[in-house]
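Worksheet: one structure, shown below.
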Amino acid sequence: MTQTPSSRGAESLPAQYQPAQVEQRRYERWVAAGYFRADAHSDKPPFSIVIPPPNVTGSLHMGHALDHTIQDVLIRRRRMQGYETLWLPGMDHAGIATQNVVERQLAGEGLSRHDLGRERFVERVWRWKAESGGAILGQMRRLGDSVDWDRERFTMDPGLSRAVQTIFKRLYDDGLIYRAERIINWCPRCLTALSDIEVEHTDEEGELVSIRYGDGPNSIVVATTRAETMLGDTAVAVHPDDERYRHLVGTEVELPLTDRRIPIVADEYVDPEFGTGAVKVTPAHDPNDFEIGQRHNLPSLTILDERGIVTAHGPFEGLDRFDARRAVVAALREQGRIVAEKRPYVHAVGHCSRCDTTVEPRLSLQWFVKTGPLAKAAGDAVRDGRVRIVPAEMAKRYFGWVDNMHDWCISRQLWWGHRIPVWYGPNGEVVCVGPDEQPPDGEGWRQDEDVLDTWFSSALWPFSTLGWPDRTDDLAKFYPTSVLVTGYDILFFWVARMMMFGLYAMDGRQPFDVVFLHGMVRDQHGKKMSKSFGNVVDPLDWIDRYGADATRFTLARGANPGTDVPVSEEWCQGSRNFCNKLWNATRFALLNGATTEGELPDPAELSTVDRWILSRLQHVITEVDEEFEAYEFAKVCDTLYHFAWDDVFDWYVELTKPVFAEGGPAADRTRRVLGHVLEQLLRLLHPVIPFVTDELWTALTGADSVVVASWPTPDKAYVDEAAEAEIALLQRVVTEVRRFRSDQGLKPSQRVAARLDGLAAAGLAAHEPLIRSLARLDRVNDGFTATATLPVGGGVIVELDTRGVIDVAAERARLEKDRAAAEKEAAQCQAKLRNPAFLERAPEAVVAKVRERLAAAEADLARIDSALAALPPA
């Protein structure tokens, strides 16, 4: 006997799905077959995504897993739809993080980077990258990322380094890069400027001290959380319309603990309703004060060095900033200058994200990008529709940032990174050097010591990775990229900067057509994942225990545009169960001869049940396509989950069993329909759960891989609303009987004699054997006595004889106990909803929840009363 693909497939599938035995083998086969390799010369329409580059120091966390799952889902579907897909991988050099890793290694050897010198230290970092960096790339493979590994990039590889130098030179020549003294975020431990995203703000208990400047009627009181910075004050500011201080504007007041007098100035930045309405102005140590100082030509006095040590002459010189804070407050208290002290005073404090050191605003000579014209272009690209932000409501936040963007500090005081291509001559000359130019040589010339902010090179990622500044085939084919997938938390920090540089470098062509913003991964209670909360989940742990598909499905099932994604281990277990159910259903189909060979039978030749499932399939394909195009991944997963579990596994597979048992041509046709439905379902599920679907699809079809199979399209010829309505009524009949059986405490295996009236009028006469099989109902005999009557809808009435199968007294006791609990729940909810104080004070969501509980309790009461009424006499 010749084996069919189905029978061969049944033999190849173990009784249970073991992800560890499938995933690595499948992934290696995909890569070896070249399924992920993009062809820039293809005639297919392009679809491209550049992966947000993870840090070379990083490991896969839940945020990465969510981000990569969404991107892979998009890429896999478009690949199946016939697009030439490119998902380009790579890593970021992560300037501060990587330098810190290597410096800690050196410290373990009793060395510092200064012992090695710059050149040898950079060589050491490259060696660390080769030996230990990039662990996340292997973890991406475990998740199933279908990236083009032949195009892997690194932000400091030669091509990207050339791109960085090219754009720096162009921006410099266009007057869009300049060097100046400005207030920046400074880490006294890392000894470098920080970008805003490298500063993490946490609420801390500090102190708010109110200090009197001057004496007598012309004194003025200011409040501060950083008393030590008063040593650098150069003014006190008040609002110009504040009547309390109008007479003082233009006068001077004595600055305590110093021999200086400082002016009182009027500035609209001051909020007269906050505190005393007067603020101390320290231009060198506060960004807002710096702006006030610029408007009023105030001097900027730096009183802290790069390590946070006081440099102002006097008794506090040489003290650490925090020691100086205590000493200054003590000295002011001794002089009677303290008007009020508030402790604890909770306020937001910025910390370096790498070392947790408190960040110090500091006036420093740095390099900046003049963002004004670049930011305007970035805003215009969204306003005129070249770039679409999903969800649309996030565009408002985007405009709020790009329309009010400050100039961007791009220099960092590090050794690891792209060194700024500017040379200084012995006579004050400044020369910016492009990638194809020779730097000036000769005595006295030196290159700028700083490197560029890591985000500078990342901002070039969508086009530098495709070969820019050269005119490459990849750039021509895949730019603009199709979608950027990223978290809403870096909409400003990264997305806006890519927009600015992409539009600038590519002559007004946007770097991506769509920006899809997902939320943050949170625990099942909605709390942010944090080590301090003890709720951090390692996705690799879930992959080890439940498989990559279950991990991906859990994440994707919570991924709606712009909303946070709650996850729990219990939900991942549920996703694993879904994969197991899919496995078992496919094995059942194969063992019963389901096939994908030959044409699908004409609808006229099929049973109502077969026409029903095929019609449901067409609707599901249409729904899933609409949800994919709207980036509603959670809805995609929900639609497919319920179609697979409810329609296919729970109903259709069960409905096929009597047909297979009877055999004949009808069974052959059903085998073909079952094979088709499962084959299409596996294609639809493949982008989200690629491993198990490929293992099952190849077993079912005997073809190479579902990775390169075509995406399903709906066939209107198989849409059959009448069949759907007929089977919906059948399901209602069976469901109502099953509910009654459950309420009566009947075991699923127990059979009950029943009379089915009204089937013919309802159009269900042909389905009576199926209904009896599914509901465990026997035909009536001479001794039949109806002890319960169920009107189940559509004019169908089911009469059952439950004598001898139910312990009536025990069942009545159980139901009455359940009724008492439901009555108590309903009474409690009603009491709350009758309480005006509760309705007035409780949040709307809490009130709605109580209403839901009341409705559920009332439904339980109705169901239990119906079950009690149906019980036969004791």
Side-chain angles (χ1 to χ4, degrees), residues 55 57-58 92-108 111-114 121 125 182-207 224-232 282 284-290 302-312 316-329 344-366 409-417 449-455 489-490 493 528 530-532:
N55 288 350
T57 58
D92 189 284
H93 65 278
I96 295 176
T98 307
Q99 180 156 321
N100 282 347
V101 167
V102 178
E103 286 199 79
R104 283 196 295 270
Q105 282 188 349
L106 290 174
L111 299 171
S112 75
R113 62 184 166 111
H114 300 286
F121 176 77
V125 179
R182 295 284 187 272
I183 290 282
I184 46 89
N185 300 310
W186 181 265
C187 177
R189 185 265 174 207
C190 296
L191 300 180
T192 182
L194 302 174
S195 68
D196 290 340
I197 200 172
E198 292 164 330
V199 179
E200 295 181 351
H201 289 88
T202 56
D203 286 341
E204 295 185 2
E205 292 185 351
E207 60 183 5
T224 181
T225 59
R226 301 162 65 216
E228 73 281 3
T229 62
M230 66 164 291
L231 303 173
T282 319
H285 294 280
D286 183 275
N288 296 315
D289 292 3
F290 179 80
T302 300
I303 54 97
L304 295 173
D305 71 7
E306 60 184 10
R307 297 183 183 274
I309 305 299
V310 175
T311 57
F316 311 106
E317 186 175 5
L319 290 179
D320 173 80
R321 54 187 167 154
F322 301 115
D323 294 333
R325 183 173 302 170
R326 290 185 286 270
V328 166
V329 171
Y345 179 72
V346 178
H347 62 125
V349 177
H351 293 261
C352 175
S353 62
R354 300 303 175 191
C355 67
D356 203 38
T357 301
T358 299
V359 169
E360 191 67 37
R362 187 168 189 262
L363 184 64
S364 180
L365 183 61
Q366 302 284 346
C409 176
I410 56 171
S411 46
R412 299 290 180 267
Q413 290 63 54
L414 304 169
W415 285 357
W416 172 246
E449 293 290 326
D450 292 350
V451 300
L452 288 163
D453 177 11
T454 299
W455 293 93
D489 52 324
I490 58 171
F493 300 107
K528 180 180 178 180
S530 166
K531 290 181 181 178
S532 61

Can you check whether L231 reaches F316 side chain to side chain, under 4.5 Å on heavy atoms? yes
Rounded to the nearest 0.5 Å, what separates atom CG in L304 from atom OG1 in T229? 8.0 Å
Just to verify, what does Y345 make a ring-ring contact (aromatic ring centres under 6.0 Å, His included) with, not counting sequence neighbours? H347
Report the distance from atom NE2 of H285 to atom CG of L363, rounding to the nearest 0.5 Å. 8.0 Å
Has D453 got a side-chain atom pairing as donor or acceptor with W455's backbone, closer than 3.5 angstrom? yes
Test side-chain contact (heavy atoms from CB on, under 4.5 Å) applied to N100 - qualifying residues, sequence neighbours left out: I96, E103, R104, R189, C190, R354
Check: V328 and M230 side chains under 4.5 Å, non-hydrogen atoms: yes
Are the side chains of I309 and L319 in contact, using a 4.5 Å heavy-atom criterion? no
Can you list everything that forms a salt bridge (Lys or Arg N to Asp or Glu O under 4.0 Å) with D320? Sequence neighbours excluded, please. none
Is the backbone of D289 close enough, under 3.5 Å, to the side chain of D286 for a donor and an acceptor to pair up by distance? yes
Side-chain contact test, heavy atoms from C-beta onward, threshold under 4.5 Å: evaluate it for F322 versus E228 and give yes or no. no
Within the distance-only criterion (no hydrogens, no angle test), does the side chain of W186 pair as donor or acceptor with the backbone N or O of E306 below 3.5 angstrom? yes
For the backbone of S353 and the side chain of E200, can you confirm whether one donor and one acceptor N or O come within less than 3.5 Å of each other? no
Check the pair S112, L106 against side chain to side chain contact (heavy atoms under 4.5 Å, CB included), reporting the backbone distance first and the verdict last. CA-CA 6 Å; S112 75; L106 290 174; over 6 Å; no
With sequence neighbours left out, write down each residue that passes ring-ring contact (aromatic ring centres under 6.0 Å, His included) with F290, or none if nothing qualifies. none
Whether the side chain of Q413 engages the backbone of A193 through a donor-acceptor N/O pair (distance < 3.5 Å, no angle test) should be reported. yes
Side chains of E198 and H351 in contact at under 4.5 Å (non-hydrogen atoms): no
Check L414 against G95 and note the closest heavy-atom contact, atom names and distance. CD1-C, 3.9 Å
What is the minimum heavy-atom distance between T57 and A97, and which atoms define it? OG1-CB, 3.9 Å
Hits for side-chain hydrogen bond (donor to acceptor under 3.5 Å, both in side chains) against N185, two or more places apart or cross-chain, chain-then-number order -> D196
Can you list everything that forms a side-chain hydrogen bond (donor to acceptor under 3.5 Å, both in side chains) with T302? Sequence neighbours excluded, please. none
Distance-only criterion, 3.5 Å: show the donor-acceptor pairs between side-chain atoms of residues 355-362 and protein atoms not counting sequence neighbours.
{"from": "E360", "atom 1": "OE1", "to": "R321", "atom 2": "NH1", "distance (Å)": "2.8"}
{"from": "E360", "atom 1": "OE2", "to": "R226", "atom 2": "NH2", "distance (Å)": "2.5"}

Distance-minimising heavy-atom pair for A227 and V329: CB-CG2, 3.7 Å
Report the residues that fulfil side-chain contact (heavy atoms from CB on, under 4.5 Å) with T454, sequence neighbours left out, ordered by chain and then residue number. D92, H93, S458
Sequence neighbours excluded, which residues qualify as side-chain hydrogen bond (donor to acceptor under 3.5 Å, both in side chains) partners of S364? Q366
Please enumerate all residues that pass salt bridge (Lys or Arg N to Asp or Glu O under 4.0 Å) together with E449, with sequence neighbours excluded. R118, R419
With R307, which residues qualify under side-chain hydrogen bond (donor to acceptor under 3.5 Å, both in side chains), at least two apart? none
Between H114 and W415, does the ring centre distance come in under 6.0 Å? yes
